[in-house]
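Report on one structure; see the data block that follows.
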Amino acid sequence: MSWITEVEVSEAEGKLAENYAALIKQRGKVSNILKVHSLNPDAMENHLDLYMTIMFGKSGLSRAEREAIAVVVSANNDCAYCVNHHAEALRRYVKDEDVLAVLMAADGLETLEPRLSNIVRHAEKLTTAPGAMTESDLGELRTVGLSDGDILDLSLIVGYFNFVNRIAMGLGVAFSDEELSGYRDD
């Protein structure tokens, strides 16, 4: 549910019906953040392509690191929808509730293990103070083993979640416990 009209899966036709069918086949269901795109199926398709590439494509960043970036960016933007969605996904990889709490609050990030700490603190700075970024910020990432390709992936994920957070918050995209669970993660 959101503040704008959405086309239900059962009412979709044409390209939108194809997009919905592909989402259900690939992910098990249609998330509300994608359903809000139902009035523009081309944007939905392009959005999903970018998401799948940066979150599931080949990268030196692990799936856990990618989900942690999503959670920290979203926490810094106060986007409850994305924090909850991606914390749920992160629980598949991180079993430590204290670590999850730090990431979901984006508070105490310096207490995490060094690689994850540097990654999420970089994501936080790029989200909250992009004009303060300097080349030296990349050096901290390189010291924990990130390649330039990994740094690009990190920046793409940060940019993507800042974009998605604004869609979710600007259009009132809501979540429920039922909507948060049951996605395929492949």
Side-chain angles (χ1 to χ4, degrees), residues 1-2 4 6-9 12-77 79-94 100 103-104 115-116 119-120 122-123 126-127 141 146-171 173-176 178-186:
M1 297 291 298
S2 70
I4 66 171
E6 296 174 359
V7 179
E8 295 298 325
V9 172
E13 298 176 354
K15 186 170 193 157
L16 179 60
E18 292 171 17
N19 288 352
Y20 279 164
L23 280 166
I24 292 167
K25 181 179 179 184
Q26 184 176 45
R27 304 285 291 145
K29 60 197 232 174
V30 178
S31 65
N32 289 348
I33 195 64
L34 288 172
K35 196 174 188 185
V36 79
H37 288 69
S38 62
L39 300 178
N40 189 337
D42 290 331
M44 176 193 286
E45 186 173 37
N46 289 319
H47 178 151
L48 184 61
D49 286 345
L50 178 59
Y51 174 77
M52 294 304 292
T53 298
I54 64 174
M55 294 302 286
F56 294 92
K58 184 178 179 190
S59 176
L61 297 175
S62 70
R63 284 281 301 124
E65 290 167 338
R66 295 181 220 196
E67 293 295 350
I69 294 163
V71 169
V72 168
V73 169
S74 300
N76 275 283
N77 286 325
C79 183
Y81 180 90
C82 292
V83 167
N84 283 284
H85 256 273
H86 292 279
E88 184 67 23
L90 189 56
R91 279 187 172 87
R92 296 177 183 174
Y93 309 102
V94 175
L100 288 167
L103 293 167
M104 290 175 71
R115 179 179 163 103
L116 182 59
I119 288 170
V120 294
H122 184 87
L126 185 52
T127 296
L141 296 171
L146 271 67
S147 69
D148 285 356
D150 300 335
I151 294 168
L152 172 61
D153 290 345
L154 168 56
S155 297
L156 289 168
I157 294 166
V158 170
Y160 170 82
F161 278 96
N162 277 287
F163 161 75
V164 172
N165 292 168
R166 280 144 184 82
I167 293 170
M169 294 183 299
L171 298 176
V173 179
F175 68 91
S176 66
E178 178 185 346
E179 199 253 344
L180 288 178
S181 62
Y183 291 95
R184 290 190 193 112
D185 190 21
D186 34 318

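The shown structure was predicted, so the numbers you read here are calculated from the model rather than taken from an experiment. The chain is numbered in sequence order, starting from 1.
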**Message:** Is the shortest side-chain heavy-atom distance between Ile157 and Leu61 below 4.5 Å?
**Reply:** yes

**Main-chain N/O of Glu65 paired with Tyr93 side-chain donor or acceptor, under 3.5 Å** = no

**Request:** Enter the distance from Glu18:CD to Leu23:CG here, rounded to the nearest 0.5 Å.
**Result:** 12.0 Å

**Message:** Assess the residue pair Thr127 and Asn76 against the criterion (side-chain hydrogen bond (donor to acceptor under 3.5 Å, both in side chains)); give the C-alpha distance rounded to whole Å, side-chain angles, the decisive distance to 0.1 Å, and a yes or no.
**Reply:** CA-CA 7 Å; Thr127 296; Asn76 275 283; 5.9 Å; no

**Prompt:** Is the NZ or CZ atom of Arg63 both under 6.0 Å from the centre of the six-membered ring of Phe56 and within 45° of that ring's axis?
**Reply:** yes

**Request:** Indicate yes or no for a side-chain donor-acceptor contact from Ser38 to the backbone of Val7 under 3.5 Å, with no hydrogens or angles considered.
**Result:** yes

**Request:** Please report the shortest heavy-atom distance between Met55 and Ala70, naming the atom on each side.
**Result:** CE-CB, 4.5 Å

**Item:** Residue pair Ser155 / Leu126, side-chain heavy-atom distance below 4.5 Å
**Value:** yes

**Item:** Check: Ser31 and Tyr81 side chains under 4.5 Å, non-hydrogen atoms
**Value:** yes

**Request:** Kindly compute the distance separating CG (Leu171) from CD1 (Ile33), expressed to the nearest 0.5 Å.
**Result:** 7.5 Å

**Asked** Does the side chain of Phe161 reach to within under 4.5 Å of the side chain of Arg66, using non-hydrogen atoms?
**Response** no

**Asked** Would you say Cys82 and Phe175 make side-chain contact, with heavy atoms under 4.5 Å?
**Response** no

**Fill in**
salt bridge (Lys or Arg N to Asp or Glu O under 4.0 Å) pairs touching residues 45-61, sequence neighbours excluded, are Lys15-Glu45

**Prompt:** For Asn165, does its backbone N or O pair with a side-chain atom of Asn77 as donor and acceptor, under 3.5 Å?
**Reply:** no

**Request:** Look up atom CG in Leu50 and atom CE in Met52, then write down how far apart they are to the nearest 0.5 Å.
**Result:** 11.5 Å

**Message:** Determine whether a donor-acceptor pair (N or O, by modelled atom type, separation under 3.5 Å) exists between the side chain of Asp150 and the backbone of Gly60.
**Reply:** yes

**Request:** Please say whether more than 12 non-hydrogen atoms of neighbouring residues, nucleotides or ligands are located less than 6.0 Å from CD in Glu8.
**Result:** yes

**Request:** Evaluate the side-chain proximity of Leu154 to Leu152: yes if any heavy-atom separation is below 4.5 Å, no if none is.
**Result:** no

**Prompt:** Can Ile69 and Ile119 be said to form a side chain to side chain contact (heavy atoms under 4.5 Å, CB included), step by step?
**Reply:** CA-CA 7 Å; Ile69 294 163; Ile119 288 170; 3.6 Å; yes

**Asked** Going by the angle between their ring planes, with limits at 30° and 60°, are His47 and Phe163 parallel, tilted or perpendicular?
**Response** tilted

**Asked** Counting only N and O atoms by type, is there a donor-acceptor contact under 3.5 Å from the side chain of Arg92 to the main-chain atoms of Glu88?
**Response** no

**Message:** Strictly distance-based, threshold 3.5 Å: is any side-chain N or O of Ser74 a donor or acceptor partner for the main-chain N or O of Val71?
**Reply:** no

**Message:** Whether Glu67 and Arg91 form a salt bridge (side-chain N of Lys/Arg under 4.0 Å from carboxylate O of Asp/Glu) is what I want to check.
**Reply:** no

**Item:** Leu146 side chain reached by Arg115 side chain, heavy atoms, under 4.5 Å
**Value:** yes

**Prompt:** Can you find a pair of side-chain heavy atoms, one from His37 and one from Ile167, that are under 4.5 Å apart?
**Reply:** yes

